[in-house]
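Worksheet for the structure shown next.
Excluded from the calculations below are hydrogen atoms, water molecules and symmetry mates; all remaining heavy atoms, backbone and side chain alike, are included. To find a chain, count down the sequence lines: A is the first, B the second, and so on, and within it residues start at 1.
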Amino acid sequence: MPSMFNGIYNIISQCLSSSTITLSHARQAHAHILKLDLYGDTYIATRLLSHYANNLCFSQVTNLVLHFFPNPTLPSFTSIINAFARSHQYDAVLRLFSLMGHKGLAPDGFLLPSAIKACAALQALKPGLQFHGYAFASGYALDSILASSLVHMYLKCDSIGDAHRLFDEMPERDVVVWSAIIAGYSRRGMVERAKEMFSEMRSEGVEPNLVSWNGMLAGFSNAGWHVEAVELFKTVLNEGFLPDGSTVSCVLPALGQLEDGVAAKQVHGYVIKQGLGSDRFVVSALLDIYGKCGCIQGMLKVFDEVDQREVGSLNAFLNGLSQNGLIDTALEVFRKFLDEGVELNVVTWTSMISSCVQNGKDMEALELFREMQAHGVEPNAVTIPSLIPACGNISALKHGKQTHCFSLRKGIFDDVYVGSALIDMYAKCGRIQLSRLCFDKMLDPNLVSWNAVLKGYAMHGKAKQTIEMFRIMQESGMEPDEISYTCVLYACAQNGLTEEGWQYFNSLSKEHAIETKTEHYACMVTLLSRVGKLEEAYSLIKEMPLEPDACIWGALLSSCRVHHNLSLGEIAAEKLFLLEPDNPGNYILLSNIYASKGMWDEVDRIRDVMKSKGLRKNPGCSWIEIGNKVHTLVAGDKSHPQMQEILEKLEKLSVEMKKCGHLPKTGLVLHDVEEQEKEQILCGHSEKLAVVLGLLNMSPGQPLQVIKNLRICGDCHSAIKFISSLEGREIFVRDTNRFHHFKDGICSCGDYW
DNA sequence: CTAGGGTTAG
């Protein structure tokens with residue numbers, strides 16, 4: 001038997017000695033070792049261990065070390081740890097270090113940097129501090145390599161003060177540690193500080209290498225110093241350095257922001273020439289810049305020649321497509337890779353969510369958010385503010401609140417993006433108090449947050465609060481921008497505050513050196529024309545130094561309809577027909593003016609023009625969230641499963657409303673048809689259908705929140721006032737213009753809109 | 001095969 005045993009032992013040991021055996025061979029050998037009880041043999045155990053380590057089988061490694069390895073030594077740990085470190089399995093590295101401790105072994109000066117590097121990669125400050133303590137106590141900390149790995153660790157953990165303190169204590173500082181600390185400041189936006197350190201390094205006689213320059217370049221790019229970044233890039237070239245992948249990927253975003261397509265192509269040429277085309281960072285930066293410059297051809301050229309499963313490049317590609325109006329293509333490509341099982345990360349999902357929201361695909365965004373979690377990808381602090389606007393856009397308050405709670409559970413309390421998104425979302429969902437509460441809870445609101453609050457109040461027609469917040473904003477030292485002014489002017493326009501409107505309109509350029517934009521003129525035109533000063537509004541348009549756009553003429557035309565002013569209405573409509581020949585809304589408005597004056601021939605003429613252009617009235621469309629579902633109702637479309645019930649309820653309500661004095665405003669119906677038929681048409685309006693659907697499905701006392709894709713119709717406005725008192729419901733309707741909050745038979749707009 | 005740098009999502 002001994003000879004046979006020796007034979008098997010030799011086979012196993014030879015097999016394990018080969019560095020090329022596969023994992024399954026190692027497993028087979030392991031089975032034999034178990035059977036023959038060969039664990040006691042140090043050589044065999046070490047070989048087996050190293051195979052498992054090289055294949056990153058973490059649980060097998062720990063299992064062997066804990067239960068079978070007779071006497072693990074520092075070298076065996078060193079080789080295992082290095083195997084995991086090489087493959088960036090830093091979590092495993094740290095656990096192996098603690099396993100080492102349990103086995104009574106301590107790392108030496110050579111192994112310690114691996115531990116510290118793992119802490120840096122995981123941004124794990126606590127174990128990092130422990131290793132620092134140990135290195136200090138055992139005298140290794142004087143070693144320059146170890147010290148610079150510690151400096152690096154502190155930088156990665158955002159403890160730049162600790163990093164600098166240690167840096168100051170180092171007896172000798174080489175270009176490596178200088179580069180690290182410079183990049184640390186530079187990437188955190190402290191570019192000036194980085195520049196100081198850079199010259200300090202030179203004055204100490206340490207010459208920068210390419211890595212030092214790259215660190216500066218990354219900071220410039222990050223901080224938005226695009227012109228300076230490109231200049232710096234030229235300096236690097238002049239200094240005689242040959243840019244590497246890092247240099248290229250640092251300078252490309254700057255060129256992208258400058259939308260310099262020519263430079264992009266030049267860099268692309270350089271990338272090919274230097275063989276940097278397989279560097280994943282370079283590839284995604286190239287895709288990004290081509291996307292930003294609108295060069296789809298360039299994107300395709302790059303993407304076709306790389307590993308498309310590399311998630312960074314794929315993300316840049318998808319994002320480039322979405323940003324150039326190809327959202328559907330992006331979604332298709334995204335689905336294709338998802339189906340193929342390509343590992344998509346949080347950036348991929350967030351980017352798709354964000355692209356959907358930017359392209360009006362709010363429901364899709366909510367669905368993607370659900371799907372990403374089903375795929376085991378955790379949303380982060382970027383995902384959440386990308387999703388929140390989707391909830392606001394479709395007034396999905398429930399989804400919005402869920403997302404808010406989600407962010408709190410994730411420990412995101414004072415993120416300025418999340419805060420601003422929440423302010424906007426709650427305002428759009430009709431909950432102006434919650435919106436304000438989110439603002440009040442913010443530690444450090446920025447301009448976007450302030451503007452979100454102003455916009456919320458303005459949309460709700462709350463001029464007093466808008467003006468009050470605008471005042472507080474300035475008192476707090478926050479300088480208003482053109483958006484802030486648009487909000488205030490908008491609020492004035494919604495409330496007919498002529499005097500205040502003029503005052504703010506005049507002060508924006510005088511007191512704040514803000515350029516007066518067409519939006520500001522549009523607000524003033526709305527304000528003046530809506531209070532009946534149509535001629536004054538028209539004069540302002542004629543005097544304005546900018547070319548009046550469709551918003552301005554549209555504002556005038558809308559007011560002409562309200563005030564039945566045909567002559568100015570026709571002027572505005574003429575302009576609009578040139579500016580937006582295919583917008584049916586303008587034809588409808590003019591036609592409404594004719595109809596209100598009984599000029600049916602003109603109404604017919606407009607109808608013929610629309611027909612010849614193939615234009616149809618945009619169907620009115622309303623949304624209401626019930627439970628976790630957002631229902632869509634389209635005027636005249638009877639496909640909703642509860643339509644029969646809706647119509648029956650509406651019929652009952654009509655009878656009651658008429659008893660209370662509601663007269664159907666059939667004058668608002670454009671069609672030259674019988675009165676009764678007009679009433680029918682009014683009854684089919686989407687906002688009424690949505691309100692009734694809400695009445696049927698939401699428990700009493702719950703407020704209803706409806707949004708409409710057009711302005712609310714006058715008859716619906718009156719009807720919903722009656723419904724709010726008959727049914728004892730609070731009803732919020734958000735149209736394209738503003739909010740209407742119906743309660744006890746009155747509307748927050750005071751019938752002025 | 002034991003220290004430093006980069007890309008893509010708000």
Side-chain angles (χ1 to χ4, degrees), chain A residues 78-79 81-83 85-86 93 107-118 120 143-153 155-156 163 167 170 173-184 186-187 208-219 221-222 243-253 256 276 279-289 291-292 310-320 322-323 344-358 372 377 379-389 415-421 448:
Chain A
T78 304
S79 79
I81 286 172
N82 284 336
R86 261 200 307 280
V93 169
D108 61 7
F110 291 114
L111 192 52
L112 264 177
S114 299
I116 294 160
K117 192 179 178 182
D143 179 82
S144 89
I145 290 180
L146 203 123
S148 55
S149 73
L150 280 168
V151 168
H152 182 226
M153 184 274 295
L155 290 172
K156 275 276 152 69
F167 175 80
M170 286 176 71
R173 295 177 294 200
D174 61 5
V175 66
V176 171
V177 74
W178 271 109
S179 303
I181 201 122
I182 288 169
S186 168
R187 289 201 63 80
N209 62 14
L210 187 58
V211 176
S212 332
W213 285 107
N214 287 347
M216 293 296 295
L217 197 52
S221 245
N222 254 6
D244 65 0
S246 175
T247 325
V248 169
S249 49
C250 287
V251 77
L252 277 172
L276 299 172
D279 182 318
R280 63 200 166 99
F281 294 104
V282 170
V283 169
S284 40
L286 266 176
L287 287 166
D288 184 56
I289 189 179
K292 289 211 166 70
E310 202 291 297
V311 70
S313 319
L314 179 58
N315 291 346
F317 181 67
L318 290 172
N319 201 48
S322 318
Q323 280 177 358
L344 305 174
N345 63 15
V346 63
V347 178
T348 329
W349 288 95
T350 305
S351 159
M352 292 315 295
I353 288 172
S354 173
S355 303
C356 279
V357 175
Q358 280 159 24
M372 82 181 275
V377 180
N380 66 12
V382 182
T383 319
I384 290 161
S386 309
L387 179 73
I388 292 172
D415 185 294
V416 70
Y417 289 99
V418 174
S420 306
V448 176

Name the nucleic acid region contacted by A/A381, choosing base, sugar-phosphate or nothing; use a 4.0 angstrom heavy-atom cut-off, strictly under.
base

When you compare B/dC1 with B/dG5, how far apart are their P atoms, in angstrom units rounded to a whole number?
16 Å

Side-chain donor-acceptor pairs under 3.5 Å in residues 107-116 of chain A, sequence neighbours left out?
| from | atom 1 | to | atom 2 | distance (Å) |
| --- | --- | --- | --- | --- |
| A/D108 | OD1 | A/F110 | N | 3.1 |
| A/D108 | OD1 | A/L111 | N | 2.8 |
| A/S114 | OG | A/N82 | OD1 | 3.4 |

A/M372 CE to B/dG10 P, straight-line distance once rounded to whole Å
14 Å

Donor-acceptor contact below 3.5 Å, side chain A/N319 vs main chain A/S322:
no

Would you indicate what A/D415 reaches in the nucleic acid, counting non-hydrogen atoms under 4.0 angstrom: base, sugar-phosphate, or nothing?
base

Using whole Å, what does the distance between atom P of nucleotide B/dA9 and atom CD of A/Q323 come to?
7 Å

Would you say A/N209's side chain and A/S212's backbone share a donor-acceptor pair under 3.5 angstrom?
yes

Touch check for A/L111, heavy atoms < 4.0 angstrom, all strands: base, sugar-phosphate only, or nothing?
base

Base, backbone or nothing for each nucleotide of nucleotides 3-8 of chain B, written B, S, -, heavy atoms under 4.0 angstrom, 5' to 3'?
BBBBBB

Checking A/T348 against A/N345: is there a side-chain donor and acceptor pair closer than 3.5 Å?
yes

Quick check against the 3.5 Å criterion: does A/S284 have a side-chain atom that pairs as donor or acceptor with the backbone of A/A316?
no

For the OG1 atom of A/T350 and the CG atom of A/L387, what is their distance to the nearest 0.5 Å?
9.5 Å

